[in-house]
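Each chain gets a letter, A, B and so on, in the order its sequence line appears, and its residues count up from 1.
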Amino acid sequence: MSNRETGFGKGCHLHLIDGSAYIFRAYHALPPLTRKSDGLPVGAVAGFCNMLWRYLGENGASADAPTHAAVIFDYSSKTFRNEIYELYKANRPEPPEDLRPQFPLTRDASRAFNLATIEIEDYEADDIIATLARQAREAGGRVTIISSDKDLMQLVGGGVEMLDAMKNKQIGVDEVREKFGVGPERVVDVQALAGDSVDNVPGAPGIGIKTAALLINEYGDLETLLERAEEIKQPKRRAALIDNAELIRISKRLVLLDDQTPLDFTLDDLEVRPPDEKALLDFLNEMEFRTLTRRVADHFGTEPPAAPTLSPTASESDAAQASTEQPDFKSADYVCIRDLDTLKTWIARIEEIGHVAVDTETTSLDEMRAELVGISLCIDAGHAAYIPLTHRAGGGDLFGATELVEGQLPLEQVLEILKPVLEDPAILKIGQNMKYDAKIFANRGITITPIDDTMLMSYALHGGLHGHGMDTLSDRYLNHQPISIKSLLGSGKSAITFDRVGIDDATRYAAEDADITLRLWQMFKPRLHAAQVTRVYETLDRPLVPVLVQMERSGIKVDRDVLSRMSNAFAQKMAGLEAEIYDLAGERFNVGSPKQLGEILFDKMSLEGGKKGKTGAYATGADILEDLAAEGHDLPARVLDWRQLSKLKSTYTDALQDHIHPDTGRVHTSYVITGAVTGRLASTDPNLQNIPIRSEEGRRIRTAFVAETGHKLVALDYSQIELRILAHIAGIDSLKQAFREGQDIHAMTASEMFNVPMEEMTPEIRRQAKAINFGVIYGISGFGLARNLRIPRSDAQGFIDRYFERFPGIRAYMDDTVEFAKREGRVETLFGRRIHTPEINAKGPGAGFAKRAAINAPIQGTAADIIRRAMIRVPQAIADLPATMLLQVHDELVFEVAEDAVDTVTARVREVMEAAAEPVLRLDVPLVVDAGMGDTWAEAH
DNA sequence: GACATCACG
DNA sequence: GACGTACGTGATGTCC
């Protein structure tokens with residue numbers, strides 16, 4: 001290949017720079033810079049350029065300067081290794097959105113530095129590096145690989161070294177041996193055994209680098225080891241090797257680099273050339289890297305080219321930029337689009353820029369019933385447009401119906417024109433609470449994608465600090481109070497719908513909303529990185545939007561007759577109870593009024609009981625009435641019965657009927673993604689996450705939730721997920737072991753705590769241990785446990801003390817978590833979701849609440865993250881099956897499935913749910929999912 | 001609109 | 001030593 005007489009050979013020194021690795025490292029190491037003139041993300045490019053410049057500077061002068069150099073990139077994520085093993089690198093998340101446009105720019109950067117820039121389809125950068133390193137070595141030259149990637153360490157030796165440019169650390173044979181426990185020539189054997197969760201190389205289960213090195217050193221090499229696997233004494237290791245021999249061999253093929261990559265150039269083509277002064281400066285200037293441009297210009301002894309930036313005084317910070325360059329809201333330009341030409345001009349501009357803030361105006365907050373009234377768009381701060389579509393004149397005839405106002409483009413036509421834009425994968429649609437708009441569009445046959453959502457960004461950034469509604473965000477982050485919807489619609493009975501709002505007012509309001517959304521997006525987008533919540537936003541929150549859109553639009557079928565019959569039965573029973581209650585009280589009063597009830601019980605009948613706090617009213621909660629009933633008083637007992645029926649009737653059997661959609665015959669709840677600070681969803685209108693189940697009477701309500709004919713409801717729920725997570729986080733070996741062995745965890749806790757053998761366990765002791773287990777998750781206190789178990793506080797404290805004695809790791813977790821929260825003002829889930837705890841350092845009772853919330857949040861939140869991950873993966877897993885995901889109830893998912901697909905769907909969903917933490921997280925405990933099936937939700941659970 | 005109550009995980 | 005408490009939600013009815 002190379003001409004050894006005159007070309008690459010002895011005395012030559014080849015530098016191979018692992019470009020792809022540096023992009024990712026630069027991206028994660030640096031704050032998210034954007035180009036000032038247009039907001040193009042360039043942080044990774046900046047880091048990459050700085051690295052190259054430093055590299056050239058350090059090497060240019062040294063005696064060890066490279067004679068040849070190249071930067072090597074990955075061509076794409078799919079390579080020939082996917083042919084060997086389908087799942088190779090299947091775990092890799094998509095690169096973050098603001099990194100993607102930087103990939104081609106880094107190639108440009110490499111070329112601007114006049115370095116040979118190489119990428120080859122189907123091959124990873126590592127293979128090209130391996131091939132070039134082999135060629136150089138065979139030609140008698142030296143090689144330095146600028147990378148810290150452990151996958152390249154197999155190449156070290158025989159004149160090949162590595163250099164971690166960021167740490168400026170050499171990696172030679174000794175360093176490789178230190179890392180892998182074997183020499184470079186056996187690195188692949190160790191990697192094949194140990195596997196790699198990052199690249200999804202399977203390896204042998206239970207064998208890590210340490211064990212792998214031990215085995216390889218003992219048997220010499222991998223093949224010998226596999227052939228003689230029967231000789232291994234440890235039964236687990238032996239089985240792991242014998243059972244997985246094939247997988248291990250595949251793993252080796254995955255980690256073994258291909259040093260025979262076909263290349264259409266020679267080493268001689270990689271000879272170092274000095275950078276072209278003008279090309280380099282032009283590139284850096286175009287990227288608007290001022291400091292580096294100046295530095296490079298100084299080096300060449302020339303003037304830097306004229307900066308293209310707008311304001312010479314603007315500082316590097318985005319805050320300064322926001323205040324100097326953004327028009328204020330007073331001078332904002334909001335237009336009303338009433339003709340096709342204007343609309344098309346806007347669309348052309350959107351296509352050019354590649355993103356747009358979108359907001360829909362409708363007649364209802366209920367997306368399933370809402371009529372689309374208008375759409376607003378915003379491309380850059382201060383410039384927004386509103387497209388009125390179905391505004392109507394006020395007044396109207398007897399039924400309120402009126403003709404459309406003149407001067408509006410036809411709805412259908414506008415949707416037809418907008419559809420390709422809204423569905424264009426190259427145009428980012430930005431919204432505030434996009435789930436709402438996505439449903440509005442979905443009901444009109446438009447799948448809006450891809451999206452960004454400022455509400456979800458705020459949730460990831462500021463969870464626990466404040467709400468994430470547009471008014472709050474605009475006030476806090478833009479210092480602007482938007483036009484209130486109330487000022488347009490009024491409130492209460494006289495409120496009008498948005499279609500009755502005048503088009504001028506509507507334009508001001510709607511365009512402003514889109515404008516605010518765009519400005520919030522510009523502000524939040526770079527902050528996601530700074531706060532390290534990009535992964536949370538991009539992998540846990542945003543992808544949930546289309547999933548929930550599908551679930552909410554599907555709804556669940558509810559049998560009105562069942563509910564109606566139950567309502568009647570409840571009414572009758574309540575009437576009977578009321579009569580008894582009046583009789584016992586000696587007068588008629590409103591049983592539903594705690595105030596009146598308190599006066600009857602404690603004043604008139606002089607029962608024991610006290611006043612309560614702020615309002616001075618008697619407390620008449622269920623626990624107090626239960627105590628009274630236990631003492632033999634009939635009235636409180638009857639009231640308890642009445643209250644239960646009243647609750648079931650008003651909240652469920654009556655209210656649920658009103659939520660049955662007239663067209664679909666189904667109930668469509670709405671999930672609030674930002675509803676709970678911990679990462680849980682909240683369900684509203686109606687809340688389907690609190691349908692009764694604990695009482696037999698209430699449970700019957702679930703028989704009204706039914707499957708379509710020929711279908712079944714399937715419910716799958718995580719067993720004890722929060723306790724499992726606690727065992728993992730706190731690292732409690734005995735609990736972890738119990739979960740691994742499938743033991744009764746509450747009985748085991750009881751046995752440990754009270755020294756009762758499992759065979760002699762009584763339900764009562766187990767019940768107490770169960771209460772303690774739950775208490776621990778909630779940030780246990782003697783008072784709370786005492787109240788829950790109805791035992792003296794000193795006894796409860798004794799239990800807790802004993803518990804901590806037996807499980808000291810739990811106390812350590814609690815103390816560490818509270819300490820972290822006090823120091824950082826937040827806690828985190830295992831997936832990096834941040835939950836802020838602003839009250840934790842407060843004085844007074846608030847601190848107690850904050851402490852317990854801080855202890856609970858990582859546990860509850862990690863569980864919430866896990867089921868989010870499952871929900872995001874499930875639709876793909878069952879895409880080919882006649883099944884629909886309908887509901888989520890924190891640790892449970894409910895599906896409607898064609899009868900003959902029940903078993904397949906159950907198996908697939910269970911698999912997804914049980915593996916939902918992986919590959920990001922490898923829990924020390926198994927996740928177990930229970931499943932049920934039936935014609936109604938009562939049977940399925 | 002605040003409060004008490006009670007449904008769920 | 002006192003404080004005042006289990007964690008996270010939403011819907012309903014009463015009362016001001």
Colleague: Would you tell me whether Thr653(A) and Ser567(A) have side-chain atoms, one donor and one acceptor, within less than 3.5 Å of each other?
Modeller: yes
Colleague: Does the dG13(C) base have a donor-acceptor partner in the side chain of Arg643(A) within less than 3.5 Å?
Modeller: no
Colleague: Once you round it to whole Å, what is the distance between C1' of dT14(C) and CZ of Phe589(A)?
Modeller: 14 Å
Colleague: Choosing from dT12(C), dA7(B), dT5(B), which nucleotide comes nearest the side chain of Tyr652(A)?
Modeller: dA7(B)
Colleague: Is the distance from OP1 or OP2 of dT14(C) to the nearest side-chain N or O of Asn590(A) less than 4.0 Å?
Modeller: yes
Colleague: Can a donor-acceptor pair under 3.5 Å be found between the side-chain atoms of Ser650(A) and the base atoms of dT12(C)?
Modeller: no
Colleague: In terms of side-chain geometry, is the basic nitrogen of Lys604(A) or Glu587(A) positioned less than 4.0 Å from the acidic oxygen of its partner?
Modeller: yes
Colleague: If I take atom CZ in residue Arg793(A) and atom P in nucleotide dA2(C), what distance separates them, rounded to the nearest angstrom?
Modeller: 11 Å
Colleague: Taking the P atom in each of dT5(C) and dA4(B), what is the distance between them to the nearest angstrom?
Modeller: 11 Å
Colleague: Counting side-chain heavy atoms from C-beta on, which of dA7(B), dG8(C), dT12(C) comes nearest to Asn856(A)?
Modeller: dG8(C)
Colleague: Using whole Å, report how far CD1 of Ile725(A) lies from C1' of dC7(C).
Modeller: 14 Å
Colleague: In whole angstrom, give the distance that lies between atom CE of Met566(A) and atom P of dA7(B).
Modeller: 13 Å
Colleague: From CG of Leu887(A) over to P of dG9(B), roughly how many Å is that when rounded to an integer?
Modeller: 13 Å
Colleague: For Ile691(A) and dC6(B), give me the distance from atom CD1 to atom P, rounded to whole Å.
Modeller: 18 Å
Colleague: In whole Å, what is the span from the CH2 atom of Trp937(A) to the P atom of dG9(B)?
Modeller: 9 Å
Colleague: For the side chain of Arg852(A) and the base of dT5(C), is some donor closer than 3.5 Å to an acceptor across the two?
Modeller: yes
Colleague: Looking at Arg826(A) and Glu828(A), does any basic side-chain N land under 4.0 Å from a carboxylate oxygen?
Modeller: yes
Colleague: When the ring planes of His468(A) and Tyr459(A) are compared, do they come out parallel, tilted or perpendicular, using 30° and 60° as the limits?
Modeller: perpendicular
Colleague: Starting at atom NE2 of His890(A), determine the distance to atom C1' of dG8(C), rounded to an integer number of angstrom.
Modeller: 7 Å
Colleague: With a 4.0 Å cut-off, would you call Lys573(A) and Asp641(A) a salt bridge?
Modeller: no
Colleague: Choosing from dC7(C), dC8(B), dC16(C), which nucleotide comes nearest the side chain of Lys595(A)?
Modeller: dC16(C)
Colleague: Could you check which of dA6(C), dG9(B), dT5(C) has an atom nearest any side-chain atom of Leu785(A)?
Modeller: dA6(C)
Colleague: Among the candidates dG8(C), dT5(B), dC15(C), find the nucleotide nearest to the side-chain atoms of Arg680(A).
Modeller: dG8(C)
Colleague: When the P atoms of dG4(C) and dC8(B) are considered, how many whole Å apart are they?
Modeller: 30 Å
